[in-house]
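The structure under discussion appears below in the form of structure tokens.
Numbers for residues simply follow the sequence, beginning at 1.
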Amino acid sequence: ARYRAFLLAHAREAGALWVQQRDETALRFLCRTGLLTGDDLSFVCRQASRAGWGEGSALLLQHAASSAGAKPKRKSYDF
């Protein structure tokens with residue numbers, strides 16, 4: 001409970017650190033537990049992008065879309 005409370009209070013810093021370390025497992029943990037949301041999620045996503053870490057950026061963007069309730073668009077083609 002204390003660890004969760006600490007991470008909730010410092011999600012931005014933890015996320016930025018784990019982006020710097022390219023720790024995908026730790027970022028998945030933050031996302032899966034719902035600790036990384038809102039402005040903190042946006043900040044960490046920008047950090048991953050600035051670091052040139054495509055996998056981390058994709059993971060964070062996917063989490064942002066799913067937490068916002070976005071559904072994958074169905075592909076359609078007009079020929």
Holding to side-chain hydrogen bond (donor to acceptor under 3.5 Å, both in side chains), I want the full list of residues that pass it with [X], two or more places apart in sequence or in another chain.
{"X": "R46", "result": "none"}
{"X": "E24", "result": "R28"}
{"X": "W53", "result": "E55"}

Check: [Y] and [X] side chains under 4.5 Å, non-hydrogen atoms:
{"X": "E13", "Y": "L17", "answer": "no"}
{"X": "L41", "Y": "L30", "answer": "no"}
{"X": "L35", "Y": "D40", "answer": "no"}
{"X": "R12", "Y": "D39", "answer": "yes"}
{"X": "L59", "Y": "C31", "answer": "yes"}
{"X": "F29", "Y": "T25", "answer": "no"}

message: Quick check for you: to the nearest 0.5 Å, what is the distance between S57 atom OG and R50 atom CZ?
response: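 Answer for the OG-CZ pair, S57 versus R50, is 11.0 Å.
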task: Heavy atoms only: give me the nearest C45-L60 pair and the separation to one decimal.
output: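 Minimum heavy-atom separation between C45 and L60: CA-CD1, 3.8 Å.
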- request: Would you name the heavy atoms of A51 and R22 that are closest together and state the gap between them?
  value: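 Result for this residue pair: O-NH2, 3.0 Å.
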task: Please lay out, stage by stage, how L7 and T33 fare under the test side chain to side chain contact (heavy atoms under 4.5 Å, CB included).
output: CA-CA 10 Å; L7 282 179; T33 56; over 6 Å; no
- prompt: Can any side-chain N or O of H63 pair as donor or acceptor with the backbone N or O of L36 at less than 3.5 Å?
  reply: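 Flag set: sc H63 to bb L36 pair under 3.5 Å.
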